[in-house]
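Within every chain, numbering begins at 1; the chains are lettered A, B, ... in the order of the sequence lines, protein sequences first and strands thereafter.
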Amino acid sequence: MKNSKLFIFSVIAVIYIYSCGKKLDKRPLGALDETALANKRGVEGLLIGAYSLLDGIGGNKSSWYSAASNWVYGSISGSEAYTGSDDGDDPRKAVLPTEKFITLIPTNEALASKWGTVYDGVQRANDVLRIMKKAKDILPDDQKRIAAEARFLRAHYHFEAKKIWNKVPFIDESITYENENYHVSNEKDIWPDIENDLKYAVANLATLPYGNAVGRATTYTASALLAKAYMFQKKFTEAKPLLVTIINSGAFDLVDYHKNFNPGTKNSRESVFSVQMSVNDQSIGINGNYGDMLNFPNGFLFGAQPGGCCGYFMPSQYLVNHFKTNAVTGLPDLNNFNSTNVTNDEGFESSDPFTPYAGMLDPRLDWTIGRRGIPYLDWGIHPGKIWIRSQEHNGPYTPKKNSYYKSQEYQLTDYSFWTNGTTANNVNLIRYAEVLLWAAEVEVEIGSPTKAEEYVNLIRTRAADPTGWVHTYVDANDPSLGFTNIPAANYFIKTYPAGYFTTIGKDESRKVVRYERMLELGMEGHRFFDLVRWGIADTEINSYFLKEKNLRVYLNDARFTKNKNEYFPIPQLQIDLSAGADGIAKMIQNPGY
Amino acid sequence: MAAINSIVRLLIYCLFFLSTSAFAQQRISGIVTGENNLPLAGATIMIKGANIAATSLYDGSFSINAKSGDLLEISFVGYKTQQIKIGNEISLKIILQTEVVSLNDVVVTGYTSQKVKEITGSVAIIKPKDLTAIPAGQVEQMLQGRVAGLNVITSGQPGAPSNVRLHGIGNFGDVTPLYIIDGVQGNINNLNPNDVESVQVLKDAGAYSIYGVRGANGVIVITTRNGKTGKTKISYDFYMGTTRPLKNGPGILNPQEQADLTWIAYKNSNQVGSNGNPNHPLYGNGVKPVLPDYFIAGQNIGLFANDPAVNPALYNIDFTTAPIYQIVKANKEGTDWFHELFKPAFSQNHSLSVSGANEKNRYMFSFGYLDQKGTALHTYLKRYTTRINTAFAVNNNILIGENLQLTYRDNPRIASQLNTGGLFNEIHQTSQTNPIIPVYDIKGGWAHLFPDYFDENPVALRTIGKDDKSHSWDIAGNAFAEIDFLKFFTARSSFGGSLTNYYSTYYNFINYESLGGFPNNSFSESSGYRRSWTWTNTLKYSRMFDDDHLLTVLTGFEAIDNYNREVGGKRSGFFTNDINYRFLSNGIPSTQENHSFAGASTLNSFINRIDYGFKEKLFLTATFRNDGSSVFGPRNRYGWFPSVSAAWRITEEKFLQKWDWLTDLKLRASWGKTGYYGNTDPFNQYNLYGGSIGDAYYDINGTSSTPVQGFRHVRIGDPNTGWQEDVVTNIGFESVFFNGKLSVTTDWYKKKAKGLLFLISLPDVLGGAARPNGNVGIVQNTGVDVLIGSKGKWSKDWQWDATITLTKYKNKILKLNDLPFFIPPREVALDYVRNETGHPASSFFGYKIIGIFQSNEEVANAPVQNSAAPGRFRYLDANKDNTINANDRVFLGDANPNFTTGINIGFTYKNFDFTAFFYGSFGNEVINYSKTRTDFFAVGIYDAKSKALLYNSWTPQNPNANIPVIENSFNFSNADAINSYAVENGSYFRNKSIILGYSLSKKLLQKMKLERMRIYVQALNLFTFTKYTGFDPELSGQSAAFGIDYANYPNNQKQYLFGVSIGF
């Protein structure tokens, strides 16, 4: 009896000791902690992670509205394109206010997505800097290069915020959850911070990308972005030497215009800063320019047209009218281009006969937009209405620069998605052509009109090369047989005659350069920001509405309010969350919202 | 029926101590009967002050060793306990009086069991008869209205978990109480209600503090049945019946009305073509809209019979042969989508059990089959459960046993509107899908909705997904051993837990009926398991001193360990849709995706409990628990959870004994601390990095196909987060009057939750990593629970039994650390909810509509408001700065009811029984989300619209309308702002159930060789009184955001049942 009791006691004691001493440490499963990454491989991986948000997709708030191309804020707000789709479609509700301005409010869903994504990018760049400080195996040269790339990216993401909202906070690597310093104000101008980061990048990056990785920033990439920052501040004197260095470096050149918009010929000599896209990489299309996924001709006929969805981002008549050229001079008519329309097939069924516009056109038009009667890459002749979701809302045109060739389908588009609209087509953030146009702007403002003219003519000379135009099909019924040498429309474009800029004077030259930007960079997400930095957004956009509302009835109450709509409303939730324990928001709203 | 526990306990005592104490005593035998002289089997005969007991056998006989002068106590559930002083008799005849008040029932509470009268905490005991009164299939749903202080909100969807909340919203995560099934944390969803012996709801800190960090939501202790001494019992319960869909759908316009509405909207917005008429793909361009004959043919929409495009020869819905060309007629009468989705549904339930016991062994075996079909197509719960409970006495002082449940569950459900990424579920779609669209196309294929939309024909969606699987197998239970030694000690060890394996498949068709599956089919399959074990070791010392002082001390350790893991994959490009071909290896290899993930957590605890009783009138309990959890960082890992409680049965005092009408009165008071650690990610304390191909890899080399691996910050860690600590004070009394004819139990409580755990709302400037849970503030609930019961006899044939529960609580956020407020994620709250200091949890927040602008003058004189115009909402200028902006948002109500009540009324007349059960919730607001779409033309202009919009919206002639003018503009002054439009009064009062039963008479039973047989008919949800305009105001939802009607599966559908209950 005694023994059995002793035995029972010992069993109980053992049980108690065991259950008491059990460890309470459960290491995280399936994720890494800081220590695992505090070394060269880890930090390089974090840097890749910081690059990976350049496409605007993959952060917790990312969506079509945070696309790298800024189609919502740069192009649609800038009169280049209509929202598209139709009123019955929910995503349209987020985009339409950026087209009409009048209904733009601080709770707009699109803006919340963009804000979240750019600051996600900022903090990914900061993570690189923070964790690099803890790494012991990174050589000083590598440290500089990694810091330079990270700060370049941090500047880029802040730049995105700056041009959209103006009043934005600069978030450096000291701002963390642990430091409890994240209730930040947005009242200080962040241009100096952006410049600092970019200056560091210019000074510490090489002329060739590290490891020959085309996606990495070089000193030229950083210089171009710094020059852009100066352009936005009208600091032409500071911008000029940077632009000259890039132009004189010989590292860049103009290529056939359309090669910039073809996933098969991306990363050419014209690419200064591009977002790299990849497909069929098991990301379910997320890495394949997901942000422009909606921006294709519309229709649900299986495999019959590029993308397959959803008829967003439809080029405006106003944009198209820019491309008319004078039959004699080959130059655009800066003052009256919009008084008559390039004729189109609106109101026609695809089965109705239609003759495309017969007047003279800048050949870049048909690489910028798709229109009835003109070959759409190798997809066949654009059939008009059946590719359009709703002519009433979308007009007769379709986007083209973000598209791909039928022969590339499934090779350069993603195979595992609900549309074929996720592609390997890069988004060009800075093309060499834009560097030349900035240089032209600088020369107009503070330099020589002759030099400005020279830059503009470089652009126009490239455009005038017939080998780079849209040509007719060998056999319209079988586009796969290729193209003839016959231009698909009446393309006619000339350079500005020597001395033209001097003759017309500074104000008119300025107009010419600005107009050329529309022709060269149309649908690439720059227009609205250009109008704002030039200080002409209200007049340009309101005159656009005045005419365009006759074509698109939904625009009848659209209106741009001066000194308000130059910048977008800061997401309300972010203002609300900038309040600390005192309940007072540290961030303030932009004027007028 | 808590009887089993008393029997278990006393049986054990009996077995263990008979022999060890069997000397110097005489053997006394006897017989126990009821008032009717029939023998009572299973009564406990115990010698007071000693652990000696016996149980009466099937013929009522017993024998026990006792000595002269011992006090013999004879107790049996449902009968008054009798005490007899032993003189010289060796044979006793004991007649037990039936007892109305069951104060001697023994119930399981925290790690121990007690007599009802000894309990010092607030504990609600639910009778199994009440539990099975609602044929819900799930135990938690049956608790609705039965327990004062407990709110149970249920969806009508078979198998969907309910929201169970004790004493209001105590935190912003999961407020589900802790379910302890046979001593082990368990899953109540799989429990067969017929297997349940008793349910106790522990309602105050005195009762549940001993569960420490898991206790804050209250604890529901469930004991499953086991065999009872006597002959083998076989019982079979069965019911079957039908559930009827709601009679009225969402009240939408017919196609012609919809067309007329469209014309009004376009004209009011001046969106007309050159001929002055609107231009519409369906209705043309005329002065009046014209309904087309065909909805879709190929890419065209809105066609007439003579159109060559509607030639049936062009029709093709097989993508493998040619491009899709679908032809769909227009349904000019209108499709009733609601009743296309919801159809009458059949349910049946079978439960068979066998149980028995002798002095050494007990067993219970049961098998249950539930087939509960939902009214929405292809929703059902099929559940097979098997339970095996056994216990064996080894030697004389060791008891070994096990409780085991095996469950197989097949439960396809409609996705909740939560977390569906903005796409609407099928129920919402019934109020959204345009009625001009038929269910089928001209050749019986699924009709496509508008060509360019993802929204899918809801009937198609339900039907094509019916082969997708969602199965789980669950093993739950425990094994235990109890050893009595050294006279006063009992050691118990229990090892238990659950293992759940689940498996699901999803096939995505290349469908022609929506854009959703375009352009590739795909198949995904995933499977995983969750396991949790709990090892509890306790040592108990129990001793009676001087006949008056009963002291019980319990100490123990408990370890809990959880782990889960899942693996899954996906491929696309299947050659055929054949269901037998759906294997991952048959998809195209280059399209494959795969994943696996896991989680783990552990909890170690030290448990202490002291119970002291004095003369059956004064009781004191102190509990004390220490928990250590892996979920929190080392600094905040351990927590102490003490409680004290006391009860005083005043009726035992002499000065009250002259009041005959007062049968029993007990005063109770308790104070204690408890905790909550749920809804915290197991790795909350760590800063984590990771990243997938889509969110962190980048094609830095420009390959177009091979991105380089990258990392991103995936989780912000907070090592300082600790658990939420609840301090609970409770004062209550339990009273019984007129020998049980009336009883009243009332509790007042204050529950203050400090360090509320919730996802911290952080600004986006901190990047995209997941936010940690933090201790965000203090929330307080104060409330009163009242339970009133009455039962008795009018005559020999007529009896009544009624109970009313009243639950009232007031919830208030007292403090939020460092935060002005926090908001639940958009997917669950649709931006309506803000949790802010000074307001109840889950309050609705937005612009308050104070009317509709009547004229341009009014607009001009009103505060500046974006998009203000006649016929649009006018908002309250809350801060009176003459501008309507974000600072003018105000609180618009909340979903916490002022009070809820459950009323149960029962009568028996001879062999007939009748029960009616009512449930009501008053003073709660609801967001009727569907309205924000159907009452505004510009929100989904091709979607169905409400009759109210066409007939009751604002026009200059109808200035008092609530709905703004019909127009095609989506703006701040109509639907593009979170405003009070969708806020409705969600009060309701409902007849949940009416049952009429008949028990066969003894004579008939004897003829049929049956022990008992009852047949009954039942009707559920016969009527509801409510002003709510949606389907059903009873809305489930997360605790940080509830009361939002995202098209919930209605729980107010009428149901008619027939049932039989037989005992052999």
Between A:Q574, A:E178, A:M587, which shows the greatest number of heavy-atom pairs under 4.5 Å with chain B? A:Q574

Need one label for A:V128: side chain, backbone, both or neither, based on atoms under 4.5 Å from any heavy atom in chain B. neither

For the atom pair CG (A:L96) and CG (B:N971), what is the distance rounded to the nearest 0.5 Å? 11.0 Å

How close do A:Y554 and B:Q271 get, heavy atom to heavy atom, and via which atoms? CA-NE2, 3.9 Å

Bottom line for B:N866: the part with an atom under 4.5 Å from chain A's heavy atoms is side chain

Per-residue contact mode, A:E34 against chain B (heavy atom under 4.5 angstrom): both

Under 4.5 Å from any heavy atom of chain B, what part of A:P28 do you find: side chain, backbone, both or neither? both

Counting only heavy atoms not in A:K586 (residues, nucleotides, ligands), do more than 12 fall under 6.0 Å from its NZ? yes

Hey, are the side chains of A:S278 and B:Y697 touching, using non-hydrogen atoms and a 4.5 Å cut-off? no

Pick from A:I171, A:V122, A:N126: which one has the most heavy-atom pairs with chain B under 4.5 Å? A:I171

Turns out that what part of A:D33 lies under 4.5 Å from chain B's heavy atoms comes down to both

Who among A:V279, A:L54, A:N267 has the most heavy-atom pairs with chain B under 4.5 Å? A:V279

Part of A:I131 lying under 4.5 Å from any heavy atom of chain B: side chain

Name the region of B:I978, side chain, backbone, both or neither, that has any atom closer than 4.5 Å to a heavy atom of chain A. neither

Does the pair A:K26/B:D561 count as a salt bridge with the N-to-O cut at 4.0 Å? yes

Is it the side chain or the backbone of A:L573 that comes within 4.5 Å of chain B heavy atoms, both, or neither? side chain

Non-hydrogen atoms of chain A under 4.5 Å away: do they reach the side chain of B:F937, the backbone, both or neither? neither

Interatomic spacing from CG in B:N701 to CZ in A:R216 - rounded to 0.5 Å: 8.0 Å

